[in-house]
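Data first, discussion second: the structure below is written as structure tokens.
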Amino acid sequence: MDDLQNDLGPLDDLEDDNYSSEDNSSKEKSNLHVVYPMLAETSRETGFHRSTRACLEQIREALLHHRWQAAAEFMACYPQILEDPTIGASQQYKEVIWRMSAEILHNHPKSKMEDYNNIYERMKHSGVRHFLMISLEHSFHLMHHGHIEEAKHQLSVAESWRYGKESAAQFQKTKLIHAYRSLLDYIIWCDKKFTYSNNTEYYDLRDNQDMQNYFRQASVNLKEILKQPGVWDPFILSYVEMLEFYEDHEEALNVLNDYAYSDTHPRNPNAHVYLYQYLKRHGASERPLMKELKSLHLLVPSHELMPEYSALLLQSDEETDIQRALGVVLDLLDFACWRSNLDVWKLLKAIIQKLQLQEDWRNSVAEKMAARKDWWPALHFTRFHASKDAEENPELKGVKASLTKILCPDITLKYTA
Amino acid sequence: MTNPMDYQFPQQLYPSFYNGGPPDFVLKHCAGNWGCYDRVIPQGSSGPLSGWTFASRHQARGETWHHTEPVPVPLMSPKNCYLWPSKPPNPLDFTEHMQNFFLDHCRDAFGCMAEILGDNFEQAQMEGVGRESVDNLRSTLDMKKFKMSPLSYSPNSLHAYCSLLSDVVPAVPNELLCSLLHEELTEQRDRALFSEGATGGALAFVPFPRGGSEPQRGCLVYPGNQGLGCLNFHRVEMQSRRGSFSLLDASSSDPFRFQLKGPIRQISCASLFDDCCVAVRSERLCGVWRVGEQNAPRLLQVVDTREVATCVSASPHVLGEVLVANESGAANLWSVGRGMQKVREEDVNLYFNAKSSWRWCEFSAHPRVVTYADRTGVELTDVRESPISSHTLFHINNTSECRSGERLILSRYLGDVHTFQHLITTQYSAYIMDERFPCLPMLKWDHMMRSPPMFCHAVCGSLGSSGSGARATKVLLGSQNSQEITLLQYSGGRAEASSSRGPLQALLRPRDSLRHLPVQIPHRLDLATSRLSSPAAGLTCIQKRGGRKGSGEECICILQLTEAGDIFYQTLKTEQLETSRPPAPEDEPILKEAMTSGAETARQLRPPHPQPVISDTPSDESVIGPTQDVAVPGFVTETPEREQRVLDANSDSSAEGREPKGRGRFLKQYGLQVVVNDEPDRVSRSYKRVKGGEGVRDNAAEPSSSDCATGPTERLPPVKLSNGALATWKRWLQKSRGKTPRPCCSQHLTVKTEDILLLDNEVRDPTEEEEARAQSLWRDLRVCMSKRSLLVHGAVSTPLQAPGAVPVADAVDTEAWRDEVSHRLTLAWQSEGAWRAWWEERLGLNREEKVKALRGKRKREKEAKRAAGRHLELSGSFTSSASFQLSDFSDSTGWSSAVDRGASSDTDGNLPQPEGFWESGMPRVATPSSTELERGNQQTPSSALTLSQALKRESTSANRRRPECLAEDYLTALFAPQDKTLQPHSYFLEEESTAHHPAPAPPVAPSSFQRSLLQDLSQSASLRSGLSQSSQGRLGQLKKKKSRMGF
């Protein structure tokens, strides 16, 4: 067996080399061609290897061309590869079998739940390294088909599973499994809340031990996954909901702030949206709301909350806020999806009307339009726009036409009312 | 056509980790992300358990799209094109290229020096080594270095000059030429494998009017002519015909053509309202055309980018704005008519050193924010700010689950599909990025393509037209070298997070189409194969949305351009089989008519008796059978009685003969109109089918799929090639012509080798003979072992003979050859002494000796008369001594091998015999090996009997001659004892071959006999002056014994 291992050693190295040698620029180009390691011929091949490789190729082709039945028939033969002591033990062959089988089952008209369970269970236990991955996918499959309890069971089993050293990938998988299990806890918690709320008082519900157990179980893991850099929208939503229910506002704000402003997390617009929504729900004043929207504006100037932001700014009495509101709306109109939005144009008109009360409104408008004047006419005010707007939305055309002179005073536009 | 709801951002995104640092993930299998759901998010609000649903990022269910034809169909008739070899050149072949250059263009290669040296050569060389000879000389020289030259037998003097002048004669020094060629070939190889210049694709379609749901009309923009240097604007229309869609040229209009200076690499177009701006990139020129439904294409401006341009991209926001990136790393915003504005310039790659000068630019959702991409990632760059501010959109390192070695191939702004989405492809995966949430991909597929996807086209799913909500967006990825097209579907990106729909689907490739088509005559097949497998150069798609009335079905038509200038299209229909069936009966009668008539004609065509060709039809049948079995039920469902007839026809023909069945089947399959008498060649050839492994696979797979009748996807009969498509293909195949890059070459001097080779052909197969010899050797060895004797050379039967000398000539009748030469030869074979004596006699050298001998003879005669009674005793002593010598000799040396050489020649029968041989009466020992010898040995024809007869005759003739030369013989025997050895030697052969003496034969060089002959000659020459001491000493023993002869 040692010999076999030794024999396999250099093979693996070769494969690794194919991928890792990327310094050479001539190799660079050939590297762009994908050589699938399992489909490439190797130096030490027996006839068995050749035929299984051919079989794999057939399955692949059948899958790519959506010939599911053919793929299924080839797939029935392919697991023979696992009997081969030299390569059958390798992890990737098991993974291939699992993935391809699952793909066939996803699309085969006659696939049944038992088949799924069969393949998931078998492949899960055929090797240690992909146990977590398959467990997770299995639970996804169960969730997808509404078997939430079973999915939770699967996740609990996977949660308690330990094997040797944890690689980075395994670590992440473990975290995910924990988080998803907690998500299911939350769902059960919601279920309990729903059933209890029908016959008990709201305040009694909060003291319900059963629900509190679920909350506690869930919160540990959810808190944990939020520390990892990443996108955790469903987890944070469920966590915050439970915290709100138990009136732990401090923790909820902490979590949301952390999610929105921590440097480790990617700049997720939703984090600011959640925070903004939370603040709004709990009746925060305008300032923190505007602060939230401001940071969202920096991230996504085209966000759907921006009209709200500029409306908020417009309500403010400060001059700079109105100018800022103008900027926000103009930014919005830069984007294609807002360009023919009547509400935004109306908002712009309102802002400009309010701005006109100021003395140097022309300057402030010119200031905002300076960077836009060479392309805004082409973007909004061409003859084609005029005809199209007249046809589709005459009201929009009226609003736009009234603004042309103000926004682009120096240019004669063909966009006329 | 932006969706006004694009500003919505998904309320929750799928969970994912955000990783930093270089990716170390290596995918070791080939299944990509098949079979996984890749995260789910719960949907529903806090409620009972049953209220919750989960949406997965990869959704197994999606729209299914089916091909209307099993092959892509050529759009236009083929134009002339240059076909490059499909195999990339090997840089190490540069010697071959040099050789071709020297041979084909010797005047260019050596012209200068030939001018100068030619006159001198003419003066110096009597044999007239002229100017052309110098050319030839050079080519000879150079080829000798690399390969056997057909001119290698040119005069030696030429070779001398070659070595003298090798480094001055070529016009280009060899070293330089070599390195340049190698460089060029390397580049060509790289370009053949992956030519990044073609990124983006040179095929575009401008629909008129924009976004209409009527049968689509539009303008197809494509490069044409040889070398793809001609820009064509061609109006095309998608028409529905008998339920299947085909694309037809509007016959009324010819394309507008613009001839460009270089090959067109990329065409990018963007339309706004009814105007379209088409930006075209060739190597160093970029041009912008404007085309509309009403007006003809018009060139607006052309710019010369000093560096090689790598990207051109027309703005979807403002018509007439174009982004141009070039290899120096600069990205320019080109406002047509107003000039260039440098947007960004990077000397190095963005995130790490990928050693690539490829740059790419696209617009983004904001008209003044552009993406700037290289192989390492994509950045969003704001043009407005003076110190350019940019932030990462995609970064190989920071994107989770990027693989080690992954490189960005193409970045494309999907403005038509979603305002904020970008498609990014790498050699492994395709990513959907949302620029509102950069760095993290919204969606990721493993696209499973073998070569990197360089072309893409995204088709927006029509909104709610079919009443079932928004349809999925289709993304088509095309690769260059392998012509792959992959269809991906996804949805979301607005209120819901993006998720992929259904499995990815590989579409048809032109290079695979030949196996679905009638077989071509070989040269056309080759041509078509290489033409069809030329790399793809572009990809676009025409979408036909479902009509509002629900009559029309949604379909997409995918067009693919190849580097040969051909455009192929394939039409995909979404799964609405029940509705698509009704139009079919319209054309089915026609099809069936052809079918039945085909079968009937086939029966008429049937030859009276089966031909030998039939033997290969069973294999043919095994290929085609399943397809037909499936194809038949396709008809069956509607017209059962037809099926019966078809089956009858089948069983008939199969009972009566196989070939006709094949023909009939073919006809049925393609609904071919029988045109037997028109072009017999073409038609008869078209009956056969390609027997590729691919074909087997396809067909083998299909029958089983028909078994499984529950699912909608599996119920489909395999798509059949329609009449129209077949006709188009046939026209295309007939017209397709290609030029190979090296069409002609000058006549070379050729050496005819047929005569030389003829000899070899006549010789028997050497291996066979070798085997026979080995077997006889084994046999001999076994015999020897059973006798417990050694396998000496003499005991071996067959190996003794040289191969091919088996038929031994009859014994030469020396009497019949009475001329001088023959006589001399006979004597030479008899013994050296005899031969020498002949010469001595002829030259009169032995006159004195003769006289002396005569005198001695007379003296002896006198003495004999005196002692008449002693004569008998003398002869007796002679014989005894001869036998004694024999045993002595056999001990001594390996004469046998030398003797064998003599024996193997054709005069074996004429073995020289001493006169005393027969008198000696040496008994022949009958051993198994001697019979062996008689049976299988070299003397087989003449056997021992004839041999002995010949010997007897010879001895008698020798006896007859004896009176003349007896004395001379004696003399030579006396002076040159080696001659004596010859006499027992011939006997020795006989002895040795009977294996009577088991004495080991020490290895003796085969030439020892000749050497000794030479020695003999020299010695005998010295004999004339006197006795040589050495020879006396060497053969002292022999002399001693001979002394007993009584001299």
Side-chain angles (χ1 to χ4, degrees), chain A residues 19-20 22 25 28-34 36-39 58 62 64-67 69-70 73 92 95-96 99-100 102-103 106-107 109-110 137 140 143-144 148 172 187 190-191 194 228-234 237 266 268-269 300 302-304 334-338 371 375 378-379 384, chain B residues 2 4 6-9 12-13 15-18 26 28-31 34-37 40-42 46-49 52 54 56 60 190 193-194 273 317-318 355-356 365-367 384 404-405 407 419 427-428 436-437 439-440 448 450-452 503 505-506 697 701 704-705 708 710-711 713-714:
Chain A
Y19 283 94
S20 57
E22 47 198 48
S25 73
E28 176 74 26
K29 286 190 172 176
S30 48
N31 257 7
L32 292 177
H33 277 262
V34 181
Y36 291 102
M38 289 171 75
L39 296 175
Q58 302 276 335
L64 286 175
H65 289 97
H66 292 194
R67 299 193 304 261
Q69 181 62 29
E73 280 166 25
Q92 62 260 36
E95 191 174 339
V96 155
R99 283 188 180 276
M100 286 183 162
E103 184 71 19
H106 281 335
N107 296 285
K110 287 206 282 194
E137 286 293 329
F140 288 161
M143 283 183 224
H144 192 70
I148 292 175
Q172 293 191 347
I187 285 169
C190 286
D191 182 52
F194 177 77
Q228 303 294 322
V231 181
W232 312 118
D233 291 359
L237 281 178
N268 188 347
V300 187
S302 63
H303 201 274
E304 57 183 323
D334 286 347
F335 291 95
C337 49
W338 292 106
W375 49 278
L379 203 63
F384 300 108
Chain B
T2 48
D6 281 348
Y7 55 74
Q8 290 178 330
F9 191 76
Q12 27 180 319
L13 299 169
S16 66
F17 280 93
Y18 177 67
V26 175
K28 284 193 175 164
H29 58 78
C30 58
W34 264 332
C36 72
Y37 288 99
V40 292
I41 44 175
S46 338
L49 211 57
W52 290 92
F54 288 86
S56 60
D190 287 349
L193 285 176
F194 177 72
F273 308 114
H317 307 290
V318 179
K355 294 187 174 163
S356 161
H366 193 283
R384 291 167 296 182
S404 168
R407 294 289 179 271
T419 311
Q427 72 265 45
Y428 304 115
R436 294 170 293 184
F437 190 2
C439 295
L440 270 175
M448 306 276 182
R450 286 186 188 267
S451 40
Q505 185 174 7
R697 180 212 304 163
S704 45
S705 70
C708 168
T710 49
T713 46
E714 299 289 329

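Just so it is clear: chains get the letters A, B, ... in the order the sequence lines come, proteins before strands, and each one is counted from 1.
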As an exercise, state the distance from [atom1] of [X] to [atom2] of [Y], rounded to the nearest 0.5 Å.
| X | Y | atom1 | atom2 | result |
| --- | --- | --- | --- | --- |
| B:F437 | A:N268 | CZ | CG | 4.0 Å |
| B:S16 | A:W232 | OG | CH2 | 6.5 Å |
| B:Q505 | A:H66 | CD | NE2 | 4.5 Å |
| A:E137 | B:Y37 | CD | OH | 8.0 Å |

| said: At a heavy-atom distance under 4.5 Å, which candidate from A:E103, A:E95, A:H65 has the highest pair count against chain B? | reply: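 When all of A:E103, A:E95, A:H65 are compared, A:E103 has the most.
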| query | Who wins among A:A62, A:P234, A:A378 for the most heavy-atom pairs under 4.5 Å with chain B? | reply |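 Sorted descending by pairs with chain B, the first entry is A:P234.
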| said: Working note: A:V231 + B:Y18, criterion side chain to side chain contact (heavy atoms under 4.5 Å, CB included); need CA distance, chi angles, decisive distance, verdict. | reply: CA-CA 7 Å; A:V231 181; B:Y18 177 67; over 6 Å; no
| Out of B:V318, B:L13, B:I41, which one racks up the most heavy-atom pairs below 4.5 Å with chain A? |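 The candidate making the most pairs under 4.5 Å is B:L13.
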| message | Looking only at heavy atoms and a cut-off of under 4.5 Å, which of B:C30, B:S56, B:S451 has the most pairs with chain A? | response |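 Ranked by heavy-atom pairs under 4.5 Å with chain A, first place is B:C30.
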Please name the pair of heavy atoms, one in [X] and one in [Y], separated by the smallest distance, quoted to 0.1 Å.
| X | Y | value |
| --- | --- | --- |
| A:P269 | B:R436 | CG-O, 3.5 Å |
| A:S302 | B:Y7 | O-CB, 3.7 Å |
| B:P48 | A:D191 | CA-OD1, 3.2 Å |
| B:A31 | A:M100 | CB-CG, 4.2 Å |

| task | May I ask you to test the A:I187-B:F54 pair for a side-chain heavy-atom distance under 4.5 Å? | result |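 Heavy-atom side-chain distance check passes, below 4.5 Å.
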| Under 4.5 Å between any side-chain heavy atoms of A:V300 and B:F9, yes or no? |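 Of all side-chain heavy-atom pairs linking B:F9 with A:V300, none is under 4.5 Å.
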Where the side chain of [X] meets the backbone of [Y], is there a donor-acceptor pair that is under 3.5 Å apart?
| X | Y | result |
| --- | --- | --- |
| A:R99 | B:W34 | yes |
| A:D233 | B:Q12 | no |
| A:Q172 | B:F17 | no |

| said: Applying side chain to side chain contact (heavy atoms under 4.5 Å, CB included), can you list everything that pairs with B:A365, at least two apart in sequence or on another chain? | reply: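 Applying side chain to side chain contact (heavy atoms under 4.5 Å, CB included) to B:A365 gives A:F335, B:Y413, B:T419, B:F420, B:E435.
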| task | Determine, stepwise, if the pair A:C190 / B:W52 fulfils side chain to side chain contact (heavy atoms under 4.5 Å, CB included). | result | CA-CA 10 Å; A:C190 286; B:W52 290 92; 3.9 Å; yes
| B:H366 vs A:W375 aromatic rings, parallel, tilted or perpendicular, using cut-offs 30° and 60°? |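 Aromatic pair B:H366/A:W375 classed perpendicular.
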| field | Per-residue contact mode, B:R450 against chain A (heavy atom under 4.5 angstrom) | value |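 For B:R450, backbone and side chain are both near chain A.
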